[in-house]
Asker: 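Have a look at this one before I ask anything.
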Amino acid sequence: MKLLQNYPLQDITTFHAQVFAKYYTVFSSVDFLRKTLTSPELKGMPFIILGGGSNVLFTGDFNGVIIRNAMEGMEVKSQDENNIYIKANGGEKWHDFVLYCVNRNYGGIENLSLIPGTVGAGPIQNIGAYGVELKDVLFEVETMNVHTLEIRNFSNAECKFGYRESIFKKEEKGNYIILSVTFKLNKNPKPNVSYGSLSKELEAMGISNPSIKDVSNAVIKIRSSKLPDPDKLGNAGSFFKNPTIPNADFEKLKSEHPNIVSFPATEGYTKLAAGWLIEQCGWKGKRIGDAGVHKDQALVLVNYANATGKEIYELSTKIIESVKEKFGVELEREVNIF
Ligand SMILES: Cc1cc2nc3c(=O)[nH]c(=O)nc-3n(C[C@H](O)[C@H](O)[C@H](O)COP(=O)(O)OP(=O)(O)OC[C@H]3O[C@@H](n4cnc5c(N)ncnc54)[C@H](O)[C@@H]3O)c2cc1C
C-alpha cells in the first residue's frame, strides 16, 4: 500500500479549496481495499472514501486517511429480450459509463449525462437530473462493511432511496463502501423527455422523435451552458437540497409570495425551489471574499480562487439563516461536509 502523507485535496475535489489530509491512498481492487482497511498504520484512524470529489466540502484539514476509489471496469451480467444487467465498478467515471450505455442504445441513464463523479458515489445521494433518478435504473449495490469487511448486496428497495437520499447517507452512513453497482437498462429504450427544459432543448435542436443519444446530447448541451465547469470555477453543483414542506405551510407561503416556485412532491407535501428562495434573499451573484453564489444559479456556491472550505461553509450558513428568516424554511446542505 502506497501511503502519501500531508496530501493536498485541492486538485481532487471540485471546490478546489486548499486543505490537506494526513494520509492518502488509492485502491483498485477489493483485496487492496481490505489490506488498506486492516493495515496496522491505519488502524483506528478515521477515513473517508472519495470518488471524484464532486460532492464534498472540507472545512479544514482532515486528520485521517483519504481512500480514493480507482476500481474501474464494467461487465454485462445477463440479458434478455428487453433488459440488460450491467455491473460497473465503483471507481468507474459516471459519465463514461453513461456514454458506454448510450452508445450501445441501452436506455435509462441518458438523462443523467455529464454528472461529475464516480459510479460508486451515485447511490449515496441517489443522483438525479432531468426527470430521472438513479433509483429508476438501479438493480443492486455491492458493498463492503467497513467494520466486518464482509461483502453485502443491497437491493434497490434496501437502499431506501429518496430525493437525494439513501440508506448510505442516513442510518448506515459511513458503514459501507460501495464496490459496484448493477443497473437494469432497457434494450428497447423509450426516452423520457417529460422534463420541461429538456423537451424545449430537443425542440430547439429540431428533434421530434429523439433517440437516447439525442437526449444525452441535449442534456450535455443544457448542462454545459447552465452549470459552471468545476475545472474553471470551483463548485460542487447544487449546494442545497430543494426543501419539502407540508401543503398547508405551502399555501400560507404562497399567499404571502404568490410567485413562489414549487414542484409536486409526495402526497401532502410540496417541494420548493431552493434556488428561488436564495435568490429572493438577494444572494444570487453575491461574493464574500473568494466564496460566492453563482451569478446565474443561486443554488450553486463557488470558489472564485482561494476561498477556504470554512469560508464556503460560513457563506452557506448565512444563506440558510436568511432563507429561514424570510420564509421560515430550513435549507439542508446537499454537499457532504467534512
Ligand atoms: C458541476 C456539478 C454538477 C452536478 N450535478 C449533479 C446533478 O445533476 N445531480 C446530482 O445528483 N448530483 C450532481 N452533482 C453532485 C455530484 O456530482 C454527485 O453527487 C456525484 O455522484 C458525486 O460523485 P463523486 O464520485 O465525485 O463523489 P465524492 O464527492 O467523492 O463523494 C461524495 C460522498 O460519497 C461518499 N462516497 C464516494 N464514493 C463512495 C463509495 N464508493 N462508497 C461509499 N461512499 C462513497 C463520499 O465519502 C462522500 O460522502 C454535481 C456536481 C457538480 C460539481
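All ligand and atom numbering here is 1-based and tracks the order in the structure. Hydrogens, waters and symmetry mates play no part in the numbers below; they use all other heavy atoms, side chains included.
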Asker: Within a 6.0 Å radius of atom NZ on Lys271, are there more than 12 heavy atoms belonging to other residues, nucleotides or ligands?
Answerer: yes
Asker: Closest non-hydrogen protein atom to atom 47 (O) of ligand 1, residue and atom name please, with distance?
Answerer: Ile49 O, 2.7 Å
Asker: Identify which one of Lys286, Lys295, Lys284 satisfies the salt bridge (Lys or Arg N to Asp or Glu O under 4.0 Å) criterion when paired with Glu279.
Answerer: Lys284
Asker: With heavy atoms of Gly117 as the reference, note each atom of ligand 1 found under 4.0 Å away.
Answerer: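 What qualifies from ligand 1 is 23 (O), 24 (P), 25 (O), 26 (O).
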Asker: Lys169: heavy atom below 4.0 Å from ligand 1, yes or no?
Answerer: no
Asker: Pair Phe183, Tyr106 - check ring-ring contact (aromatic ring centres under 6.0 Å, His included), show working.
Answerer: CA-CA 10 Å; Phe183 299 86; Tyr106 303 149; over 10 Å; no
Asker: For Pro116, which part has a heavy atom under 4.0 Å from ligand 1: side chain, backbone, both, or neither?
Answerer: both
Asker: Pick whichever of Gly237, Gly120, Gly90, Ala121 has a heavy atom sitting closest to atom 53 (C) of ligand 1.
Answerer: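 When every heavy atom of Gly237, Gly120, Gly90, Ala121 is considered, Gly237 comes closest to atom 53 (C) of ligand 1.
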Asker: Cation over ring, Arg287 on Tyr304, under 6.0 Å and within 45°?
Answerer: yes
Asker: Quick one: nearest non-hydrogen protein atom to atom 14 (N) of ligand 1, plus distance?
Answerer: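 Result: Ile115 CG2, 4.2 Å.
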Asker: Passes side-chain contact (heavy atoms from CB on, under 4.5 Å), Val181 versus Lys87? Steps please.
Answerer: CA-CA 6 Å; Val181 182; Lys87 172 176 160 175; over 6 Å; no
Asker: Are more than 12 heavy atoms, taken from residues, nucleotides or ligands other than Glu325, located less than 6.0 Å from that residue's CD atom?
Answerer: no
Asker: Does an N or O anywhere in Ala129 fall below 3.5 Å from an N or O of ligand 1?
Answerer: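 No.
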Asker: Does the residue Phe168 have a heavy-atom contact with ligand 1, meaning some pair of atoms that are separated by less than 4.0 Å?
Answerer: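 False for this residue.
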Asker: With heavy atoms of Ile48 as the reference, note each atom of ligand 1 found under 4.0 Å away.
Answerer: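 Those atoms are 47 (O).
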Asker: To which protein heavy atom is atom 26 (O) of ligand 1 closest, and what is the distance rounded to 0.1 Å?
Answerer: Ser54 OG, 2.7 Å
Asker: Give a yes or no on this: more than 12 heavy atoms of other residues, nucleotides or ligands lie within 6.0 Å of atom NZ of Lys187.
Answerer: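 More than 12 heavy atoms, drawn from other residues, nucleotides or ligands, come within 6.0 Å of this atom.
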Asker: Given that the side chain starts at C-beta and the backbone is N, CA, C, O, which of these parts of Ile127 lies under 4.0 Å from ligand 1, counting heavy atoms, or is it both or neither?
Answerer: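 Both backbone and side chain.
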Asker: At a non-hydrogen distance cut-off of under 4.0 Å, which region of Phe27 contacts ligand 1 (side chain, backbone, both, or neither)?
Answerer: neither
Asker: Identify, by atom number and element, the atoms of ligand 1 in contact range of Arg164, meaning under 4.0 Å from any of its heavy atoms.
Answerer: 11 (O)
Asker: Compare Leu233, Ile178, Ile177 and give the one whose heavy atom is closest to atom 41 (N) of ligand 1.
Answerer: Ile178
Asker: At a 4.0 Å threshold, what atoms of ligand 1 neighbour a non-hydrogen atom of Asn69?
Answerer: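 Heavy-atom distances to Asn69 below 4.0 Å select 41 (N).
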Asker: At what distance is the nearest protein heavy atom to atom 24 (P) of ligand 1, and which residue and atom is it?
Answerer: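 Ranked first by proximity to atom 24 (P) of ligand 1 is Gly52 N, 3.4 Å.
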Asker: Could you see if Val19 belongs to whatever hydrophobic cluster contains Val56? Use Ile, Leu, Val, Met, Phe, Trp, Tyr and a side-chain cutoff under 4.5 Å.
Answerer: yes
Asker: Hey, can you tell me if Tyr24 and Tyr7 have their rings parallel, tilted or perpendicular (30° and 60° cut-offs)?
Answerer: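 Parallel, since the angle between the ring planes stays under 30°.
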Asker: Under 4.0 angstrom from ligand 1, any heavy atom of Tyr176?
Answerer: yes
Asker: Return the residue, atom name and 0.1 Å-rounded distance of the protein heavy atom closest to atom 11 (O) of ligand 1.
Answerer: Gln125 NE2, 3.0 Å
Asker: Can you tell me the protein heavy atom closest to atom 1 (C) of ligand 1 and the distance?
Answerer: Asn235 OD1, 3.6 Å
Asker: On a heavy-atom basis, I'd like to know which of Ile67, Ile124, Asn111, Asn55 is closest to atom 34 (O) of ligand 1.
Answerer: Ile124
Asker: Atoms of ligand 1 less than 4.0 Å from Phe338 heavy atoms?
Answerer: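 Contacts of ligand 1 toward Phe338, numbered from 1: 49 (O).
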Asker: Would you mind checking which non-hydrogen protein atom is closest to atom 8 (O) of ligand 1, with the distance to 0.1 Å?
Answerer: Arg223 NH1, 3.0 Å
Asker: What atoms of ligand 1 come within less than 4.0 Å of a heavy atom belonging to Leu50?
Answerer: 30 (O)
Asker: Would you indicate whether Lys173, at its atom NZ, is surrounded by more than 12 heavy atoms from other residues, nucleotides or ligands within a distance under 6.0 Å?
Answerer: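 At most 12 heavy atoms, drawn from other residues, nucleotides or ligands, come within 6.0 Å of this atom.
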Asker: Take atom NZ of Lys213 as the centre, draw a 6.0 Å sphere, and report whether it contains more than 12 heavy atoms from other residues, nucleotides or ligands.
Answerer: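 Enclosed: over 12 neighbouring heavy atoms sit under 6.0 Å from NZ of Lys213.
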Asker: Counting heavy atoms not belonging to Glu203, are there more than 12 under 6.0 Å from its CD?
Answerer: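 No.
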Asker: Has Lys184 got more than 12 heavy atoms of other residues, nucleotides or ligands less than 6.0 Å from its NZ?
Answerer: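 It does not: Lys184 NZ has 12 such atoms or fewer within range.
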Asker: Give the residue and atom name of whichever protein heavy atom lies nearest to atom 9 (N) of ligand 1, and the separation in Å to one decimal.
Answerer: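 Nearest protein contact, heavy atoms only, for atom 9 (N) of ligand 1 is Gly128 O, 2.8 Å.
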Asker: Hey, can you tell me if Tyr176 and Phe154 have their rings parallel, tilted or perpendicular (30° and 60° cut-offs)?
Answerer: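 Taking Phe154 first and then Tyr176, their aromatic rings stand perpendicular (interplane angle over 60°).
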